Amino acid sequence: MLQGVAAAAIGRVFGLSLLWVPVQVLLPLAVVYNSSVPSWVYPAALVFCLLIYWNSASEQVPLYLTNRRTWKALSDMVEASKAQSFVDLGSGIGGVVTYLAGAHPALKAIGLETAPLVFLASRVRVMLARRANAQVIYKSIWDEDLSAHDIVYCFLSPVPMPRMFAKAKAEMRPGTLFISNSFAVPGEEPTRVIDVADGRKTKLYVYTM
């Protein structure tokens, strides 16, 4: 138990999300009491993980969650650009969409997510927040028409960035913003880079179309 608590505390210090806390606390206990764990628990745990980390295998995109300081930085860009429509490509549990919809009632905030349990959690979050201008859709990020949005935001991984930026250049309107959290587009100079003053030293790479 002490090992698990220590691991969870260290993880939080280094910026891991709260979702990892129960995993880190319980994992040492699972190892110690392995012989007492029913055999069905392991395939059930595998299915549970697949329903959460679905896109890690299919799209090589882990579940990265945008933190609250980055929410505020995105909100500032929405206000400065007078954006009317914002889409989060791979919206996780809906934190960005819910926050921006509350901060900017005139903004249409949309999230796209295809990991089943994560999508379900985000839909519940939006429903409980009662944001009429917030919406989370079960839809592949590759099927979205990016021309409909003033700001396109993503927190993906280095692997899909070249393809996603090519899609953005082909579809987005002149003057709109493509924003990538942490991962720059290879070979493309960003219009600006925003340093978010958070524990993991987040950078937002902003590209004006």
Side-chain angles (χ1 to χ4, degrees), residues 1-75 88-100 102 111-129 136 138 141 153-161 164 179-184 193-205:
M1 179 61 77
L2 287 174
Q3 282 185 323
V5 171
I10 293 170
R12 289 295 295 159
V13 169
F14 282 96
L16 286 180
S17 71
L18 287 171
L19 289 176
W20 284 100
V21 170
V23 175
Q24 291 171 309
V25 170
L26 295 176
L27 186 57
L29 295 175
V31 172
V32 171
Y33 296 105
N34 179 61
S35 60
S36 302
V37 177
S39 59
W40 61 264
V41 169
Y42 295 102
L46 175 61
V47 171
F48 180 75
C49 288
L50 285 174
L51 292 175
I52 294 177
Y53 299 103
W54 187 264
N55 295 319
S56 298
S58 61
E59 301 282 358
Q60 293 183 280
V61 177
L63 177 60
Y64 293 129
L65 299 180
T66 302
N67 60 40
R68 292 179 178 272
R69 290 196 177 187
T70 307
W71 296 356
K72 181 60 170 62
L74 291 170
S75 178
D88 184 354
L89 304 179
S91 53
I93 57 176
V96 171
V97 170
T98 306
Y99 177 84
L100 292 181
L112 306 180
E113 184 56 62
T114 55
L117 279 183
V118 177
F119 167 74
L120 180 61
S122 63
R123 287 294 294 266
V124 171
R125 184 174 192 165
V126 169
M127 179 183 67
L128 293 177
V136 178
Y138 191 88
I141 60 177
Y153 170 71
C154 60
F155 192 4
L156 303 176
S157 77
V159 176
M161 289 309 300
M164 179 52 68
I179 304 171
S180 175
N181 187 326
S182 301
F183 305 111
V193 179
I194 298 174
D195 288 311
V196 179
D198 60 357
R200 64 187 182 198
K201 300 180 180 179
T202 299
K203 292 182 184 295
L204 296 178
Y205 296 90

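Bear in mind that the values here come from a model prediction, so they are computed numbers and not experimental data.
- With contacts defined as side-chain heavy-atom distances shorter than 4.5 Å, the pair Leu74/Asn181 does not qualify.
- A 4.5 Å side-chain heavy-atom check between Asp88 and Leu100 finds every atom pair outside the cut-off.
- Across all non-hydrogen atoms, the minimal contact from Gly94 to Ser122 is N-CB, 3.7 Å.
- Of the inter-residue distances, the one linking Phe155 atom CZ with Ile179 atom CD1 reads 13.5 Å to the nearest 0.5 angstrom.
- Closest approach of Leu65 and Gly92 over heavy atoms only: CD2-CA, 4.4 Å.
- Between Gly90 and Ile141, the shortest heavy-atom contact is N-CG2, 3.6 Å.
- Here the CD-CG distance, from Gln3 to Leu27, works out to 10.0 Å after rounding to the nearest 0.5 Å.
- Put simply, the side chain of Tyr138 gets close to the backbone of Thr114: a donor and an acceptor are under 3.5 Å apart.
- Environment of CG in Leu2: sparse, with no more than 12 heavy atoms of neighbouring residues, nucleotides or ligands closer than 6.0 Å.
- Residues Thr202 and Arg69 form no side-chain contact, since every pair of their non-hydrogen atoms from C-beta on lies 4.5 Å or further apart.
- To the nearest 0.5 Å, the span separating CE on Met161 from OH on Tyr205 amounts to 10.5 Å.
- Rounding to the nearest 0.5 Å places CG of Leu89 at 5.0 Å from CE of Met164.
- By the 30° and 60° cut-offs, the orientation of the rings of Trp71 relative to Tyr99 is tilted.
- Legend: residues meeting ring pair (Phe, Tyr, Trp, His ring centres under 6.0 Å) with Tyr153, ordered by chain and number and at least two apart, are absent.
- Considering only residues two or more places apart in sequence or on other chains, Thr70 meets the side chain to side chain donor-acceptor pair (under 3.5 Å) condition with Asn67.
- When all heavy atoms of Arg123 and Val136 are compared, the closest pair comes out as CD-O, 3.2 Å.
- The minimum heavy-atom distance linking Ala121 with Ile93 is given by the pair CB-CG2, 4.3 Å.
- By the side chain to side chain donor-acceptor pair (under 3.5 Å) test, Ser75 is found to be paired with His104, residues two or more places apart in sequence or in another chain being considered.
- Note: Leu120 CG to Arg125 CZ = 13.5 Å, rounded to the nearest 0.5 Å.
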